[in-house]
Amino acid sequence: MTNAVSKLIKDTSQKLNVSEATLSRTGMSLVVALYIYKVVYPKAKVAYTGLTAKEQQLEKTKEEILKERKRGPTVNKEFFQELQRLIKIIIPSIWSKPAALLGLHTLTLITRTFLSIYVAQLEGRVVKYIVRKDVGKFALMMTKWIGIAIPATFINSMIRFLESHLALMFRTRLVRYSYQLYFQSQCYYRVSNLDGRLENADHCLTEDISAFTSSIAHLYSHITKPLLDSMLITYSLASLARSRGGASLPGPVLGTLVVMVTGRILRKVSPKFGVLVAEEAHRKGYLRAIHSRIITNAEEIAFYGGHKVELDILEQAYKSLVQQLGVIFNQRLWYIMLEQFLMKYVWSGAGMIMTSIPLLTSTRNESEQADGGVSDRTQYFTTAKNMLVSGADAVERLFTSYKEIVELAGYTARVGNMLRVFKDVQHGHYIRPSVLSNGQDDEKQHVPVLTFRHGVPVISGVVTESCDGTILMEDVPIVTPNCDVVVPSLSLTVTPHVHLLISGPNGCGKSSLFRILSGLWPVYSGHLQKPITSDMFYIPQRPYMRVGTLRDQVIYPDSIYEMQSKGWSDEDLAGILDLVHLRHLVVREGGWDAVQDWKDVLSGGEKQRMGMARLFYHKPRYALLDECTSAVSIDVEGQMYQAAKDQGITLLTITHRPTLWKFHTHLLQFDGEGGWKFDRLDSEKRLGLKDEKQQLETVLSDIPAKMERLKELCSILGEDSSVLLDESKEVGSDAGLSD
């Protein structure tokens with residue numbers, strides 16, 4: 001090894017013409033420097049900062065993520081990739097209807113470009129014959145001018161017409177695709193309750209999609225036509241200069257240089273309109289969501305008198321939107337001023353030079369013409385001027401389209417993020433800012449039951465369907481979307497006709513259990529075996545009243561065609577209403593086809609009984625009843641529960657009413673601290689214990705008042721009350737009633 005190093009040093013010294021000793025000293029210095037950089041410096045940095053190499057890499061990654069978030073949507077590789085994915089949705093193939101409409105739109109844009117060039121040439125001839133005072137040819141040119149105006153105006157109108165229809169067709173396809181994702185696998189629930197990335201899904205599905213499709217349709221015509229205009233007009237100007245016998249190259253070169261310099265300047269100083277527009281859309285969506293919340297909860301707000309609080313929230317949201325719009329207006333002010341200076345005045349000066357070069361360098365002999373060639377020069381100047389105006393307008397539209405491209409990047413980012421979130425939640429991948437681990441390692445997570453990966457809880461539970469309708473839970477935790485573990489592990493088996501009563505304090509996991517059984521919340525660990533979704537029917541405390549007829553309220557979520565295909569008739573539905581004591585609604589509201597705002601027309605008890613009517617219509621294997629009869633009288637409630645049992649429906653009930661205990665066979669009791677107990681329910685024994693408990697509570701509640709009265713009597717009689725109090729305490733202690 002030493003010989004090899006010596007030979008290498010000797011060969012290198014001969015090539016570099018330096019002594020071997022000098023080269024050896026230099027090599028040793030490099031080795032020492034490399035050792036310090038590779039070994040000593042990392043150890044010193046760890047000792048100084050306290051960060052390991054892994055932690056340093058993690059910090060670097062976090063900084064890059066934060067920079068990416070601050071940068072926001074811009075015109076980069078990610079934008080074009082996202083745009084390509086969205087274009088595949090709105091234009092699925094070249095043989096599709098949107099592609100055909102886009103082709104027709106392109107044809108009208110090309111036609112308009114050739115018409116512009118022809119009109120510029122025609123105007124030059126008109127001016128030429130005016131200078132020559134040739135009335136006949138002037139009249140002929142004016143006739144052509146009026147004749148070409150009809151197709152030109154039609155083409156202009158057609159461009160706008162096709163652009164509007166193109167935007168509408170794009171929007172229709174994207175809306176259908178988004179709606180399909182939104183209503184698959186309960187995405188509409190999961191995206192707002194289990195995932196926190198989309199604050200206003202309604203705004204994304206309406207305003208953002210509309211803005212994106214309008215922007216991309218307008219941008220296509222705003223870019224395609226100017227590009228075509230620029231190329232054809234440049235070629236026409238060069239041909240026109242050659243026809244005059246002048247220099248044809250300097251003009252286009254000068255124009256290209258001016259345009260390139262202008263574009264470089266504007267791109268350098270252009271504000272980040274994509275970030276600004278995306279933030280504006282976000283604040284608009286937030287303002288709209290607040291309005292929707294006020295409308296939805298208007299009654300509660302009115303009862304509490306909370307209008308001042310809601311007004312403050314609304315004003316703050318509007319103020320935030322106004323501030324963002326002010327920032328955008330301020331940024332556009334100076335940018336548009338610079339843009340207009342460069343495009344209007346600098347370009348006009350460059351255009352004058354471009355039109356003058358062919359005239360000043362012309363080699364054509366015009367002395368033989370009657371007017372000295374004035375009319376021909378005037379024709380050339382008018383034609384070239386009109387072409388330059390059209391070309392400058394085309395290039396200006398290309399430059400201004402950059403702002404629209406940046407704005408499109410903002411819309412693309414929001415729409416693309418919406419579709420990405422929809423697909424993620426369908427596959428059980430949820431991200432909530434409130435539960436992110438903020439870059440901590442998985443080993444540092446100490447949340448019981450849950451396992452985190454990249455700051456997100458891992459869903460590792462197994463969910464299967466049972467053939468015999470059995471509900472089986474093995475070590476299944478009850479975890480909220482915010483990753484609060486309510487019950488660490490729950491194991492139970494419920495078979496058909498095992499009517500389960502679920503009890504416990506508020507927040508102990510009763511309703512959460514129903515959400516897990518219904519598939520709304522994920523199973524983070526353990527094994528859940530349950531019937532198919534159609535075998536379980538959930539009735540909440542406040543049943544949802546859909547828009548539609550009285551019949552639609554009973555058969556929800558079926559349609560009238562599905563009802564008829566199942567063999568149901570209006571007479572059968574009337575029998576169901578008899579069971580829930582709502583038969584009078586048919587007469588009161590004007591028949592089965594009456595359309596009302598049912599959430600306001602029906603009382604609380606009527607809405608709950610309508611929920612039970614749906615249960616008797618669908619006849620599921622299991623009924624998940626969540627305080628669904630709290631506003632119904634006890635006698636009617638008992639009749640409905642008995643009717644459900646008679647029809648073979650297994651009851652899983654959350655209730656605080658002891659009168660419903662007799663309809664159940666088993667009890668699942670939560671203690672509110674993560675514990676639970678599952679056992680058979682002896683309703684008579686339990687009712688007896690409850691009566692005894694109430695009696696004892698009544699007796700004990702009277703003791704403090706009697707003790708105070710005893711003190712008063714002793715004081716009046718002048719006796720020592722302490723002896724009597726000690727005796728009473730001894731008696732209470734013997735009876736097990738001491739403090």
Side-chain angles (χ1 to χ4, degrees), residues 65 68-69 72-74 76-93 96 98 169-213 215-216 274 278 281-282 285 289 408-437 450-463 465 479-483 515-516 518-524 528 533:
I65 292 173
E68 183 67 25
R69 288 179 179 177
T74 55
N76 51 20
K77 181 180 177 181
E78 288 75 15
F79 159 65
F80 288 108
Q81 289 176 344
E82 193 69 64
L83 185 62
Q84 184 180 9
R85 285 191 286 267
L86 294 176
I87 288 177
K88 287 182 179 179
I89 297 173
I90 59 180
I91 308 177
S93 69
S96 61
M169 187 171 292
F170 287 168
R171 180 180 181 182
T172 301
R173 293 195 65 88
L174 192 55
V175 162
R176 287 176 180 172
Y177 180 81
S178 303
Y179 283 178
Q180 187 177 7
L181 288 179
Y182 191 56
F183 286 96
Q184 264 184 1
S185 303
Q186 299 167 333
C187 177
Y188 54 88
Y189 173 84
R190 301 182 182 189
V191 76
S192 57
N193 291 276
L194 303 180
D195 194 280
R197 285 173 286 178
L198 281 183
E199 294 184 4
N200 314 112
D202 55 342
H203 187 272
C204 292
L205 287 166
T206 53
E207 299 297 328
D208 287 346
I209 287 181
S210 176
F212 168 76
T213 52
S215 177
I216 194 172
H282 168 72
L408 177 63
Y411 297 133
T412 303
R414 286 182 63 84
V415 174
N417 179 62
M418 176 190 70
L419 298 180
R420 196 179 308 112
V421 171
F422 286 175
K423 292 178 181 178
D424 283 350
V425 299
Q426 286 180 8
H427 293 88
H429 181 66
Y430 312 112
I431 297 177
R432 291 181 70 89
S434 58
V435 299
L436 288 177
S437 63
L450 299 181
T451 302
F452 285 82
R453 184 178 300 154
H454 305 301
V456 179
V458 178
I459 302 172
S460 57
V462 178
V463 181
E465 291 184 355
V479 183
T480 68
N482 287 329
C483 292
R515 295 186 180 102
I516 292 175
S518 300
L520 300 181
W521 287 8
V523 178
Y524 286 99
L528 171 62
T533 305

Interatomic distance, Lys88 atom NZ to Gln84 atom CD [nearest 0.5 angstrom]:
5.0 Å

Ignoring hydrogens and geometry, is there a side-chain-to-backbone donor-acceptor pair from Glu207 to Ala281 under 3.5 Å?
no

So, for Arg173 and Pro98, which heavy atoms are closest and what is the spacing to 0.1 Å?
CD-CG, 3.4 Å

Looking at side-chain heavy atoms only, is the closest gap between Tyr430 and Pro481 below 4.5 Å?
no

Are Leu520 and Leu194 close enough that some pair of their side-chain heavy atoms sits under 4.5 Å apart?
no

State the NE2-CG distance between His429 and Asp195, to the nearest 0.5 angstrom.
8.0 Å

Looking at CD1 of Ile91 and CE of Met169, how far apart are the two atoms once the value is rounded to the nearest 0.5 Å?
10.5 Å

Can any side-chain N or O of Arg414 pair as donor or acceptor with the backbone N or O of Phe212 at less than 3.5 Å?
no

Least distance between heavy atoms, Thr206 atom then Arg171 atom:
O-NH2, 4.1 Å

Consider ring pair (Phe, Tyr, Trp, His ring centres under 6.0 Å). Of Tyr188, Tyr177, Tyr182, Phe183, which one does Phe422 pass it with?
Tyr182

Give me the atom names and distance for the closest heavy-atom approach of Ile216 to Ile87.
CD1-CG1, 4.0 Å

Tightest non-hydrogen contact, residues Leu181 and Gln426, listed as O-NE2, 2.6 Å

Could you give the distance from OH (Tyr411) to CG (Leu83), rounded to the nearest 0.5 Å?
14.5 Å

Between Ser96 (side chain only) and Ser93 (backbone N and O only), is there a donor and an acceptor less than 3.5 Å apart?
yes

So CZ of Arg515 and OG1 of Thr480: to nearest 0.5 Å the spacing works out to 10.0 Å

Val425 versus Arg190, closest heavy-atom pair with distance:
O-NH1, 3.3 Å

Do other residues, nucleotides or ligands put more than 12 heavy atoms under 6.0 Å from the CZ atom of Arg176?
no

Please assess Ile516 against Val479 for the test side-chain contact (heavy atoms from CB on, under 4.5 Å), listing each intermediate value before the final yes or no.
CA-CA 9 Å; Ile516 292 175; Val479 183; over 6 Å; no

For the atom pair CG (Asp208) and CG (Asp202), what is the distance rounded to the nearest 0.5 Å?
10.0 Å

Looking only at heavy atoms, the pair that brings Ser518 and Gln186 closest together is O-NE2, 3.7 Å

Any side-chain to backbone donor/acceptor pair from Thr213 onto Ile209? Under 3.5 Å, distance only.
yes

Side-chain contact, heavy-atom cut-off 4.5 Å: Ile89 with Leu419?
yes

